[in-house]
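Here is the structure we will look at.
Proteins come first, then strands; the chains are lettered A, B, ... in the order of their sequence lines, and each starts at number 1.
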There are 2 protein chains.
Amino acid sequence: MPARDTDPPAPRKRADAERNKQALLEAAAAAFVDFGVDAPVRDIAVRAGVGVGTIYRHFPSRADLIVAVYRHQVQACAQAAPALLASSPSPHHALTTWIDLFVDFLITKHGLAEAMHSDAAAFEPLHAYFLDHLLPAVTLLLDAAVDAGQINPIDPLNLLQGVGNLCIGASADSRYNPRHLAAVLVRGLRAIPD
Amino acid sequence: MPARDTDPPAPRKRADAERNKQALLEAAAAAFVDFGVDAPVRDIAVRAGVGVGTIYRHFPSRADLIVAVYRHQVQACAQAAPALLASSPSPHHALTTWIDLFVDFLITKHGLAEAMHSDAAAFEPLHAYFLDHLLPAVTLLLDAAVDAGQINPIDPLNLLQGVGNLCIGASADSRYNPRHLAAVLVRGLRAIPD
DNA sequence: TGCTAAACGGAACCAGGTTCCGTATCGTTT
DNA sequence: AAACGATACGGAACCTGGTTCCGTTTAGCA
């Protein structure tokens with residue numbers, strides 16, 4: 001199988017198109033830092049030196065753009081799960097650490113957590129992408145911790161969305177501390193001592 | 001003292017103005033049920049049989065309107081705290097029950113939780129109102145539970161916002177279950193058994 | 001060098017919140 | 001009862017920000 005995992009049936013793209021797509025990715029990443037993931041389209045277009053139409057051509061919905069920008073980091077986060085499970089002293093410890101990682105990722109992407117669960121249809125691809133990649137990760141960790149008798153069972157999706165929600169509205173200056181809350185939440189999962 | 005507790009320096013309002021304000025309150029409440037707290041202004045205006053200008057005259061910001069609509073329920077929620085503390089078998093139990101009450105309130109008001117922590121300046125009054133009324137309530141419960149040695153200390157504001165965040169995106173049809181998550185969170189506060 | 005399809009730019013469009021001001025109404029005063 | 005000033009009203013106009021559309025440009029190939 002030739003070049004699997006990286007778009008097998010590539011219908012050949014024009015060089016300028018590829019160049020613009022790349023420019024947009026960088027421009028969007030920069031704009032997201034300044035404005036959050038709701039950065040104005042026109043602003044992104046200007047930064048990339050293209051017209052707004054070009055944004056929509058490459059990324060039909062905002063979710064597509066967001067996914068493209070954060071793809072690597074989401075994958076890294078997902079892949080950390082098995083690694084942590086192998087290297088941690090206990091499954092519960094691995095779970096706690098992974099959640100911490102996830103929280104860190106979300107709170108550094110201003111507005112991502114908000115967008116994550118937006119009911120708007122336009123964000124469905126984003127939602128789907130995150131779930132596709134991160135749900136297996138949490139599930140792995142939760143199953144291991146449950147099997148070890150360390151935590152009570154919980155729907156992985158529920159936990160993932162809950163932690164995602166906790167990260168909404170976080171900012172360096174406020175008293176609000178999602179990291180702590182997420183830790184308390186995971187602590188609340190621990191089995192037995194009632 | 002004459003008529004304290006109900007606008008002492010009332011500069012006399014025109015009857016029609018008062019009538020419209022009342023109509024708007026009812027229209028908004030209805031619209032909030034159908035569309036959530038982001039209900040279109042024009043829609044609210046139509047329901048109340050007034051022009052949009054009238055909305056802005058009575059409620060300069062959307063937050064003012066939301067506060068006015070939910071004022072009573074927020075107060076009821078706040079007042080439930082001391083009552084629960086008195087009637088519950090333990091402070092931790094009272095806390096759990098109160099959080100449940102708070103969650104119920106939020107998830108039945110579509111979009112309220114989202115609006116609650118919006119960083120937009122227009123929502124500041126809403127934020128302030130909620131905090132003014134509910135922060136004392138949680139603080140009371142938390143202090144009691146801490147004093148009884150049942151939970152580890154936590155910033156009341158942090159907990160309140162966290163639970164508020166958990167309620168975002170809840171809907172009857174989805175798997176997402178904020179009630180359960182909030183319960184797990186409170187469970188994670190319990191002291192000692194480490 | 002010429003040709004065609006792919007890609008581009010940005011003006012035009014649309015939706016929804018907000019403002020503004022000419023008009024209507026209330027409540028009081030004569 | 002009539003008139004008057006203050007108060008409140010309505011809704012068109014405006015602004016912002018996302019989305020669409022089409023005439024123009026350009027890459028890639030013959």
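- For the pair R42(A) CZ and dA11(C) C1', the computed distance is 10 Å after rounding to whole Å.
- A heavy-atom distance below 4.5 Å is found between the side chains of H92(A) and R190(A).
- In plain terms, the two heavy atoms of C77(A) and F102(A) that are nearest each other are SG-CA, 4.1 Å.
- Note that CG of D155(A) and CG of L181(B) are 9.0 Å apart. Values are rounded to the nearest 0.5 Å.
- In this structure, T54(A) does not reach the dA7(C) phosphate: none of its side-chain N or O atoms is under 4.0 Å from OP1 or OP2.
- Under 4.0 angstrom from either OP1 or OP2 of dA7(C) there lies no side-chain N or O belonging to N20(A).
- Within 4.0 Å (heavy atoms only), A45(B) reaches no atom of the nucleic acid at all.
- Nearest to the side-chain atoms of V50(A) among the listed nucleotides dT19(D), dG17(C), dG9(C) stands dG9(C).
- Atom pair Y56(B):OH and dC15(D):C1' shows a separation of 12 Å (rounding to whole Å applied).
- For R14(A) and G53(A), each mapped to the nucleotide of DNA chain C holding its nearest heavy atom, the one lying further toward the 5' end belongs to R14(A).
- In terms of phosphate contacts, H58(A) brings a side-chain nitrogen or oxygen within less than 4.0 Å of OP1 or OP2 of dC8(C).
- Across the protein-nucleic acid pair, D38(B) atom CG and dG17(C) atom P stand 8 Å apart, rounded to whole Å.
- Nearest nucleotide to the side chain of K13(B), out of dT19(D), dC8(C), dA8(D): dA8(D).
- Taking 4.0 angstrom as the limit, R62(B) places a side-chain polar atom (N or O) nearer than this to OP1 or OP2 of dG17(C).
- Whole-Å rounding puts the D16(B) CG to dA8(D) C1' distance at 6 Å.
- Put simply, the side chain of R57(A) and the base of dG9(C) share a donor and an acceptor less than 3.5 Å apart.
- dC8(C) atom C1' lies 16 Å from atom NZ of K21(A), rounded to whole Å.
- Rounded to an integer number of Å, the gap from CD1 of I44(B) to P of dG11(D) is 17 Å.
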* Verdict with supporting geometry, R47(B) and D34(B), salt bridge (charged side-chain N to carboxylate O under 4.0 Å, His left out) -> CA-CA 12 Å; R47(B) 290 189 195 227; D34(B) 291 357; 2.9 Å; yes

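- Distance E18(B) CD to dT7(D) P: 16 Å, rounded to the nearest Å.
- Side-chain proximity of V52(A) to the nucleotides dG18(D), dA12(D), dG10(C) is greatest for dG10(C).
- Judged purely by distance below 3.5 Å, without hydrogens or angles, the side chains of D100(A) and T97(A) never pair a donor atom with an acceptor atom.
- Taking atom CG of D64(B) as the reference point, atom C1' of dT18(C) lies 14 Å away to the nearest angstrom.
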